[in-house]
Amino acid sequence: MAASIKKFLSATLFEYETQKVIAISSYKIGLIYRGIQMLIVTYVIGWVMLREKGYQSFDTVVSGVTTKLKGLEYTNYTNISAIGDRIWDVADWAVPPQMNSAFFVTTNVVITKNQSQTTCEEDKDNKWHASCKNDSDCTKGDVHMLGWGVKTGRCVNSSREAELRVCEIYGWCPTEQDILPLGDDKVLMTRVKNFTVLIKNSVEFPKFGIKRRNILDSMSKNYLRQCNYRPDSEVDKYCPIFKLGDIIKHGQAISQEDAKQIWITGVYTGGARKLNVTHPPAGMVAIDIHWECNFDYDEEFCKPEYKFRNLEDGQVGRGWNFRHAYHYVEDGIHKRTLVKAYGIQFFISVTGRGGKFDILNFTMNLGSGLALLTLATVLCDIIVLNIMRKRKKYRQAKIDKVGLLAALTVAYENS
Amino acid sequence: MAASIKKFLSATLFEYETQKVIAISSYKIGLIYRGIQMLIVTYVIGWVMLREKGYQSFDTVVSGVTTKLKGLEYTNYTNISAIGDRIWDVADWAVPPQMNSAFFVTTNVVITKNQSQTTCEEDKDNKWHASCKNDSDCTKGDVHMLGWGVKTGRCVNSSREAELRVCEIYGWCPTEQDILPLGDDKVLMTRVKNFTVLIKNSVEFPKFGIKRRNILDSMSKNYLRQCNYRPDSEVDKYCPIFKLGDIIKHGQAISQEDAKQIWITGVYTGGARKLNVTHPPAGMVAIDIHWECNFDYDEEFCKPEYKFRNLEDGQVGRGWNFRHAYHYVEDGIHKRTLVKAYGIQFFISVTGRGGKFDILNFTMNLGSGLALLTLATVLCDIIVLNIMRKRKKYRQAKIDKVGLLAALTVAYENS
Amino acid sequence: MAASIKKFLSATLFEYETQKVIAISSYKIGLIYRGIQMLIVTYVIGWVMLREKGYQSFDTVVSGVTTKLKGLEYTNYTNISAIGDRIWDVADWAVPPQMNSAFFVTTNVVITKNQSQTTCEEDKDNKWHASCKNDSDCTKGDVHMLGWGVKTGRCVNSSREAELRVCEIYGWCPTEQDILPLGDDKVLMTRVKNFTVLIKNSVEFPKFGIKRRNILDSMSKNYLRQCNYRPDSEVDKYCPIFKLGDIIKHGQAISQEDAKQIWITGVYTGGARKLNVTHPPAGMVAIDIHWECNFDYDEEFCKPEYKFRNLEDGQVGRGWNFRHAYHYVEDGIHKRTLVKAYGIQFFISVTGRGGKFDILNFTMNLGSGLALLTLATVLCDIIVLNIMRKRKKYRQAKIDKVGLLAALTVAYENS
């Protein structure tokens, strides 16, 4: 019995099985074989190991972003009562005052002052559902989803367009007149391109317990007061303060000339000009803060890279606006100033990964690489056994025939 | 010496080693072998190549989303002074006016008008910490985290509940009475289901330098003025304008009947009705814009797909509300109108990937697939060497014994 | 012909090719071989299968987050007119009232009351561009990006600093004086650490059609009214209500003592104290809700885990603030109260994955694991053929020579 177990163990535990190989000596096939092996080794070392850093384990970032906007606009249009002679500071043009990973900058406004809940004529731009001949066209109590109020049942003369009669409504009155203050082809706020944003980004690589900020330790307070992001400068490419005009320019989706045009005239003339004139400078811009860090080196080398993209590129439905209001009470009556704000929405995203040498990942990728080497044999076999002149000889050397059909097959091959 | 080097080179560089194989001719094992090979080839081609597009390299999207809400609500409750006879337009019910990748729609409100910093009775809903018998129960200067102000040290009769005495506080007075205007089982804003949202989404696939928008170039201005998203229409399933009621309906977490109930009565009656009556229509809805693009075809085929999910599904702690205020100055006194807004929070996420033929990925996946073919041999070996009748014969053919223990093993196997 | 096809089929379809192996019986190499095999099997089972759950297919979460803040602050500084004797409730200190996946809590403010568009002196902190000797230093119409208004062209005596002359501007007047109400080393709102936030998070695993909420079904309304998150309690570690002070404490980037200091004195004394005194308690805190769910078990076991990280850690440019305003009309003049709010920004992220047994993934990972076993042979071959004493014998047993150079090679090896 004991002998039997010993025999069994010898046969399984202490036995090493390895493939029997045949070595074919041939300049041609030898060169092909070693060539393919070289390609695979080059791929494993060059691509998997060096480029994709297959010897490291990776971690993505946990991140927080805040922005601080600065800039001042002065509009001196005393002839336009809704705008007037006034200063716009950050609390006026940044609406809402903060958003998570985004900020909005107003470039143009339609302001409707002194609205209160009372009766007035419906906006004439809504005439397709508000124009009327007589009172019977204005169903009392009717609320149109795209209108400004509930119909009172009266048809009145429009004060805004001659010979137009529109339904009277009850709602926030007077209703907004959707006319841009300087017309469709001019933007109100021309200094926006000089506004700046300070982006503060703190990231953590939880796996490695490493924290980094986009405000580097080497930056002094004085530097942060006056620096400006410039991608071509060794130092200033890490400056976290960006001129909005630069962001658009670096976005590169539009030519530098077009970008200039957006800020100055408010119209993007690339593409179909006619379609766009009703959309003053407005758009979406993505700012990506990218952290690609190799913690096998000192973490001081872990610095962010900034990328900008102008996302707006189409011709229909470009631009963007939304309405917000300032509420107040005058003489006991709740009133509001309605603002239709046109502007540019900036989105900030933080991406990144940090890597550090990891024995397990290194082994696994090396192993997979070695396993790929069997491919060289597979490919060469195809050549040796099917294409080469001496294929029959090699085939016989490589393959031993066993079993019922062997004789048959040999006969077939020799036929 | 030169001859020695030449010998060495011949032995290594110009030598091709390939496994010696034995070919077993047997209908049974042949069929099994080819069958398993077919399965693996089918998997590699069908799954890895076609379904997972293993021949492509991929890129995820950089994205920006803005929303534009439209809709009008009219509440005609002249008997409820806090609400009254008034119109709610987008600047009233969308709070804050914009958020990054999200929007909130008010469906019900508790409004407290004319608050100013003075003294008044604490809210009776806080009676567990505010009720008192006499002044000594109200510690002067005490600030309770869940109360509305600092205690003045006086115990006063409640004007809101008979025979209740509560502490007087200093704070925003009068304090809010947390009573829904139409009661717990009715919602204030019944037209919300007809409100619409225009979602503008611009994406870029940076690797391929391709930009796409969810407003397709084929859409005219007129189409965008009147279209509505309908998933079953070939054209309208790309319309970027959604009725809020449709979004809820397509979310499908709740039955169509329940959805109707949410909008009309404000109570979700699925599940335990009694638990929910204090939570007027409110919830979280996720809108996912998915871009699955194959840039081996024309990029015109790269269009978004919209998915909706109602995330709220539990029974305790459902619904959502938050407080915001309108500030004003009257007679030199800073006052405010406090609004407790109930509503639905919509979250927009953009996911997607674009793929394009890539020779490296194609090669690597093909290689891995070929490597899988060795599995067929492994599986068949197990069958051939252990299960089949002629296993002893095959074993002898496959395995050459070498070394010390060989004789022993042969003896064991023949025993 | 038929016979020829039959022959061909026999030779390809009904033939099974398997590597010929040689079995080397040797205690040494046998043990090494089985040892390496054991390591690989252990890795495949232990790491790939059990730890990385290679037998499952995975899905990430679709998620929605809302927050509800509670807390009350009382500031009794009748000597500081901008602050005064007042209560701050959630509508005062949470600005904006809601953000997507984030919330901001005010801890300190600089308030400038009664601003209107008129003329006044420029802020003296801007003296590097606003100080002047006479009118000619103040170019009329000049708008400095970092100033408060447009220069009127007059040089006036500063009322804020003796013997300083500054340009007069037209803008929101009076300009802000950037002085913290209690000085640079004291925070205004000392109760913030006791404020609470209720985080509601609904997630869905679309692939499995499973919805989960962080408010568990086992939680009663009463429990939700009084519970507090505590990571060391079996029950309370799922409580979705967090004290802000606890979040900072659990963030652990700073010592408990430092955290205490932040809330009480508003100054973070860890690191370089001198640099930070001008930055009252302010920072960025990340809250991560992590769902790691195994749906092979009951979905009731799928519960969230909360992780906190204080992201602020540097010395320059710490802290954060932004400006917002309350607008009102008094005597027909549009006025505003400007608030420069210092505070803490909390970011909420939801991560997670759910796994369920999947036959395809199981097969593929098992297959890849088996393929790894060939590595054992590769490694042992290196040892057997190059290192072991009997290497020449094994080499001859393993390799059959074929071809032109075979004789040469044999000669070389025997030399």
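Keep in mind the model is a prediction, meaning the values are calculated, not measured. No hydrogens, no waters, no symmetry mates; every other heavy atom, side chains included, goes into these values.
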**Request:** Would you please test A:F195 and C:M145 for side-chain contact (heavy atoms from CB on, under 4.5 Å) and show each step?
**Result:** CA-CA 7 Å; A:F195 291 1; C:M145 275 296 118; 3.5 Å; yes
**Request:** Determine, step by step, whether A:Q98 and C:F104 satisfy the side-chain contact (heavy atoms from CB on, under 4.5 Å) criterion, reporting the C-alpha distance in whole Å, the side-chain angles of both residues, the deciding distance to 0.1 Å, and the verdict.
**Result:** CA-CA 9 Å; A:Q98 66 148 314; C:F104 175 80; 3.3 Å; yes
**Request:** Walk me through it: do A:V329 and C:Y328 pass the test side-chain contact (heavy atoms from CB on, under 4.5 Å)?
**Result:** CA-CA 7 Å; A:V329 170; C:Y328 56 94; over 6 Å; no
**Message:** One pair to check against side-chain contact (heavy atoms from CB on, under 4.5 Å): C:Q117 and A:I87. What are the steps and the verdict?
**Reply:** CA-CA 7 Å; C:Q117 298 261 355; A:I87 280 288; 3.7 Å; yes
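At a 4.5 Å heavy-atom cutoff, the contact between C:Y43 and chain A is made by side-chain atoms alone. Of the atoms belonging to A:P206, heavy atoms from both backbone and side chain fall under 4.5 Å from chain C. The parts of C:Y170 that come within reach of chain A are both its backbone and its side chain, each placing non-hydrogen atoms under 4.5 angstrom from that chain. Using a 4.5 Å cut-off between heavy atoms, A:R212 makes no contact with chain C at all. Within the 4.5 angstrom heavy-atom criterion, atoms from both the backbone and the side chain of C:W148 approach chain A. In this structure, chain A has no heavy atom under 4.5 Å from any part of C:S349.
Using a 3.5 Å distance cut-off with no hydrogens or angles, the side chains of A:T18 and C:D381 do pair a donor with an acceptor. Side-chain N/O atoms of A:Y74 and C:D142 include no donor and acceptor closer than 3.5 Å.
Atom CZ in A:R86 sits 7.0 Å away from atom NE2 in C:H334 (nearest 0.5 Å). Between A:Q226 atom CD and C:L146 atom CG the span is 11.5 Å, to the nearest 0.5 Å. Note that the OH atom of C:Y394 and the OH atom of A:Y16 stand 11.0 Å from one another [nearest 0.5 Å]. With rounding to the nearest 0.5 Å, the separation of NZ in A:K211 from CZ in C:R309 is 8.5 Å. A distance of 9.5 Å separates CG in C:N321 from OG1 in A:T66, rounded to the nearest 0.5 Å. One distance of note links CD1 of C:I29 with CD of A:E17; it measures 13.0 Å at 0.5 Å rounding.
For the options C:R323, C:K20, C:H324, heavy-atom pairs under 4.5 Å to chain A are most numerous at C:K20. The most heavy-atom pairs under 4.5 Å with chain C, out of A:L373, A:V90, A:N114, A:T67, come from A:T67. In terms of heavy-atom pairs under 4.5 angstrom with chain C, the leader among A:T337, A:L69, A:D85 is A:D85. Of all the listed residues (A:A94, A:G71, A:P96), the one sharing the greatest number of non-hydrogen pairs under 4.5 Å with chain C is A:G71. Chain C forms the most heavy-atom pairs under 4.5 Å with one residue out of A:N194, A:D331, A:D89, and that residue is A:D89. Per-residue counts of heavy-atom pairs under 4.5 Å with chain A were compared for C:G149, C:G141, C:A286, C:A325; the largest is that of C:G149.
Judged purely by atom type and a 3.5 angstrom limit, C:K398 uses its side chain to pair as donor or acceptor with the backbone of A:Q19. A side-chain donor-acceptor contact under 3.5 Å links A:N100 to the backbone of C:N100.
When the shell of 6.0 Å around NZ of C:K340 is examined, it contains more than 12 heavy atoms from other residues, nucleotides or ligands. No more than 12 heavy-atom neighbours from other residues, nucleotides or ligands sit within 6.0 angstrom of NZ on C:K28.
Between C:R336 and A:D92 there is a salt bridge, since a side-chain N of the basic residue sits under 4.0 Å from a carboxylate O of the acidic one.
C:V95 and A:P97 make their closest contact through CG1-CG, 4.3 Å (heavy atoms, listed as atom of the first residue, atom of the second, distance).
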